[in-house]
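Data first, discussion second: the structure below is written as structure tokens.
Reckoned from all heavy atoms, side chains included, excluding hydrogens, waters and symmetry mates. Keep in mind that this is a model prediction, so the values were computed, not measured. All chains are named by letter (A, B, ...) in the order of the sequence lines, taking the proteins before the strands, and each is independently numbered beginning at 1.
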There are 2 protein chains.
Amino acid sequence: MIRLKDVAKKANVSPATASLALNNSDKVNAETMRRVQKIAAELNYIPDVRAKALKAKETKILGLVIPEIDNPFFSEIAKEIKRVAKKNGYNIIYCGVESQQEELDYINLFRGMQVDGAIFASSVSKVDANLALIEELAANFIPVVFINRLPKHTENIIAVNSELEKAPQVAIEHLVKLGHQKIAFAGKENESRMKGYLKALQKLNITYNNHYTFKNILSFEDGYKLGEKIAKQQDRPTAIICHNDEVAIGLIQSLVRLGLQVPADISICGIDNIRLSHFYNPALTTVNIPNKKMGRQATKILLAELNSSPEQKAKLFKNDYNFSVKLIERETTRALN
Amino acid sequence: MIRLKDVAKKANVSPATASLALNNSDKVNAETMRRVQKIAAELNYIPDVRAKALKAKETKILGLVIPEIDNPFFSEIAKEIKRVAKKNGYNIIYCGVESQQEELDYINLFRGMQVDGAIFASSVSKVDANLALIEELAANFIPVVFINRLPKHTENIIAVNSELEKAPQVAIEHLVKLGHQKIAFAGKENESRMKGYLKALQKLNITYNNHYTFKNILSFEDGYKLGEKIAKQQDRPTAIICHNDEVAIGLIQSLVRLGLQVPADISICGIDNIRLSHFYNPALTTVNIPNKKMGRQATKILLAELNSSPEQKAKLFKNDYNFSVKLIERETTRALN
DNA sequence: TAGATAATTTAAATCGTTTTAAAAAAGGAT
DNA sequence: ATCCTTTTTTAAAACGATTTAAATTATCTA
């Protein structure tokens with residue numbers, strides 16, 4: 001293990017000078033700098049991040065907390081965030097969480113100051129048990145940005161949102177225009193999309209039918225199983241809006257397998273507009289959520305927070321970020337009869 | 001920011017005692033220990049990982065390097081690795097890499113000793129440019145385990161493998177049994193699966209046709225585009241083996257869209273056996289690669305390396321891990337006429 | 001109760017950097 | 001040559017924990 005002092009000794013300077021030289025300080029003689037850097041390279045010296053961070057309070061690492069990453073919606077976000085971060089000299093580590101507890105572990109890791117900042121893109125159950133802790137993290141340790149998690153920014157956390165609640169409404173409007181009234185929703189109770197569905201029904205004066213909301217449907221598999229249930233159902237909806245594209249695709253998969261036609265027999269609409277939805281057969285009608293845009297914005301904000309004066313920072317907190325959603329009409333929805 | 005000495009002061013003990021108490025040392029009086037721990041909890045004290053690691057040489061964090069995570073094959077591995085690690089008190093950070101350079105960044109991060117050990121599950125182009133550096137990492141810094149990357153273990157790196165090269169052979173044998181001879185392969189040049197395909201052709205005495213190997217086909221989209229090409233092709237293969245299930249599904253998607261039937265007109269076989277392949281319609285015939293098993297084994301080895309004496313460690317290096325692959329026959333392959 | 005032993009606590013060194021303040025060297029002006 | 005700047009280098013403190021070895025206190029034995 002090569003230490004700074006090894007480099008210094010070989011270059012005949014003190015550790016202090018060596019440190020300065022390696023950090024391109026203009027206090028050090030140009031010739032000395034070149035010599036030290038050359039020797040460091042020869043010895044393949046890599047500074048100890050822990051020691052460095054301990055003193056310099058910087059690791060150039062950002063943490064990204066996301067739900068376990070089999071959902072392409074999130075992997076697209078993750079990729080975009082990394083792209084922007086890398087371009088600005090920061091490394092990203094992903095923290096995939098499946099439960100409140102796991103998220104908590106990472107919050108503590110972050111509190112231990114391994115990272116310079118964090119983005120939380122993890123959706124969370126109705127009571128946000130970790131919110132207080134994250135608030136504290138943001139207040140005392142590192143800047144934090146949320147993606148689709150808080151309604152608005154709080155004292156210490158900036159939130160980048162999309163109009164998630166409006167997505168089902170957009171879908172319903174589209175379906176109503178096509179003559180549908182029996183419009184179902186498959187998703188998660190108390191989550192913004194499900195809420196948005198219920199609100200939109202009221203707003204558009206469509207009678208709510210208890211049999212038309214399917215709860216706890218989140219994954220491809222859930223959608224698949226739901227299809228088996230719906231195929232057997234008596235009073236079948238004529239259209240179903242799904243919590244995300246994966247559910248929609250799983251659903252279509254099983255409906256078709258059981259002999260139902262999409263969209264001839266039943267219209268299906270997804271939410272998210274993941275890349276796959278475009279290539280699916282039939283191509284999926286869905287509501288676009290600008291995930292990459294959110295990722296990009298969140299990262300920019302985080303970087304700005306890290307590199308700005310208190311006044312600039314205050315200004316950052318004046319803004320609210322709420323990106324709009326948009327229907328992408330493709331092949332899985334069609335006019336009734 | 002609460003420091004150890006703050007806790008110590010409030011508990012009326014020295015930092016040394018506080019440290020001992022918080023680490024459950026039996027050198028400290030039971031009553032003192034309780035008092036210190038209580039106060040630490042009250043103050044919401046969380047130790048600084050950097051400082052801790054600097055002295056104690058331990059972070060309880062493992063790094064996992066994987067290709068960017070839109071491929072479910074890898075997210076399944078990742079999840080499994082995290083499960084095992086968590087159970088043993090270690091946290092996992094994911095490092096998604098898309099290029100040699102990105103991988104290099106993480107190697108350096110690891111060299112800076114932020115993590116206690118690392119698993120590399122990233123596949124890499126034909127010349128493994130980073131191998132020497134990873135070797136050095138393993139020799140001088142932290143234990144490293146490879147998944148599907150090296151043929152065998154080296155001096156310092158244990159490799160957990162599956163018989164990837166045999167996967168195409170298994171598929172071909174299945175297809176030949178069904179009467180196919182015009183068997184194509186879509187994948188990546190110089191990669192083990194492609195190599196396995198060519199070898200198997202020879203071995204099974206099937207004439208090689210230049211038009212039947214499609215190169216640079218790795219993703220869902222690649223498969224989709226390939227379908228458009230194959231649909232137009234004159235001398236079409238009767239069966240296609242794909243580099244992975246995503247390619248297979250993309251391929252089927254576009255073939256069907258262009259009016260070809262699978263498996264009536266053409267048989268398709270995937271590799272990987274991702275969860276989705278089971279739910280796909282028609283359900284995908286594929287070759288199972290035991291990814292979770294590999295993840296589990298790799299993690300166990302890493303943990304063993306971290307917690308074992310030199311002799312035990314030597315013993316670990318005696319073993320080779322090479323899991324077998326297996327055909328999963330489902331609905332996308334069928335007998336030729 | 002002295003003396004020995006065991007249990008508990010603590011001062012100080014340490015990990016590998018950065019940074020501050022002071023020292024040394026170099027350059028310039030008279 | 002002397003004094004004053006400016007440039008360059010360095011010794012030492014600091015970051016926040018752990019750990020070693022020494023000091024203190026408590027317990028036991030005869």
Just the rounded figure in Å: distance from [atom2] of [N] to [atom1] of [X].
X     : N      : atom1 : atom2 : answer
A:K5  : D:dA12 : NZ    : P     : 15 Å
A:L54 : D:dT18 : CG    : C1'   : 13 Å
B:R50 : D:dA14 : CZ    : P     : 17 Å
A:K55 : D:dA14 : NZ    : P     : 9 Å

[X]: partners by side-chain hydrogen bond (donor to acceptor under 3.5 Å, both in side chains), with sequence neighbours left out:
X      : answer
A:N88  : none
A:E76  : A:N291
B:E102 : A:K82
A:N12  : none

For [range], which residue pairs qualify under salt bridge (charged side-chain N to carboxylate O under 4.0 Å, His left out), counting only residues two or more places apart or in two chains?
range                       : answer
residues 20-35 of chain B   : B:E31-B:R34, B:E31-B:R35
residues 134-146 of chain B : B:R111-B:E136
residues 290-301 of chain A : A:E80-A:R296

(request) Could you list where the contact with chain A starts and ends along DNA chain C, reading 5' to 3', using a 4.0 Å heavy-atom cut-off? (result)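 The contact span of chain A on DNA chain C goes from C:dG16 to C:dT19.
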
Under 3.5 Å between N/O atoms: give me all the protein pairs with nucleotides 7-9 of chain D, atom names plus distance.
| from | atom 1 | to | atom 2 | distance (Å) |
| --- | --- | --- | --- | --- |
| D:dT9 | OP1 | A:T32 | OG1 | 2.8 |
| D:dT9 | OP2 | A:N29 | N | 3.1 |

(message) Are more than 12 heavy atoms, taken from residues, nucleotides or ligands other than B:E42, located less than 6.0 Å from that residue's CD atom?
(response)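 Yes, because the 6.0 Å sphere around CD of B:E42 holds more than 12 heavy atoms from other groups.
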
(request) Please check if atom NZ in A:K10 has more than 12 non-hydrogen atoms from other residues, nucleotides or ligands closer than 6.0 Å. (result)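 Atom NZ in A:K10 is not crowded, with 12 or fewer foreign heavy atoms closer than 6.0 Å.
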
(request) Could I get the full list of salt bridge (Lys or Arg N to Asp or Glu O under 4.0 Å) partners for B:E305, not counting sequence neighbours? (result)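 Salt bridge (Lys or Arg N to Asp or Glu O under 4.0 Å) list for B:E305, sorted by chain: empty.
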
(request) Taking side chain to side chain contact (heavy atoms under 4.5 Å, CB included) as the test, write out the residues that go with B:N24, two or more places apart. (result)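 Residues passing side chain to side chain contact (heavy atoms under 4.5 Å, CB included) with B:N24: B:M33, B:Q37.
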
(message) Can you see if the side chain of B:S19 gets near the phosphate of D:dT18 - specifically, an N or O under 4.0 Å from OP1 or OP2?
(response)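 Yes, B:S19 has a side-chain N/O under 4.0 Å of OP1/OP2 on D:dT18.
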
(request) Using five base pairs at each end, measure the axis-to-axis angle across the helix from C:dT1-D:dA30 to C:dT30-D:dA1 and round it to 10 degrees. (result)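 Terminal axis comparison yields 50°.
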
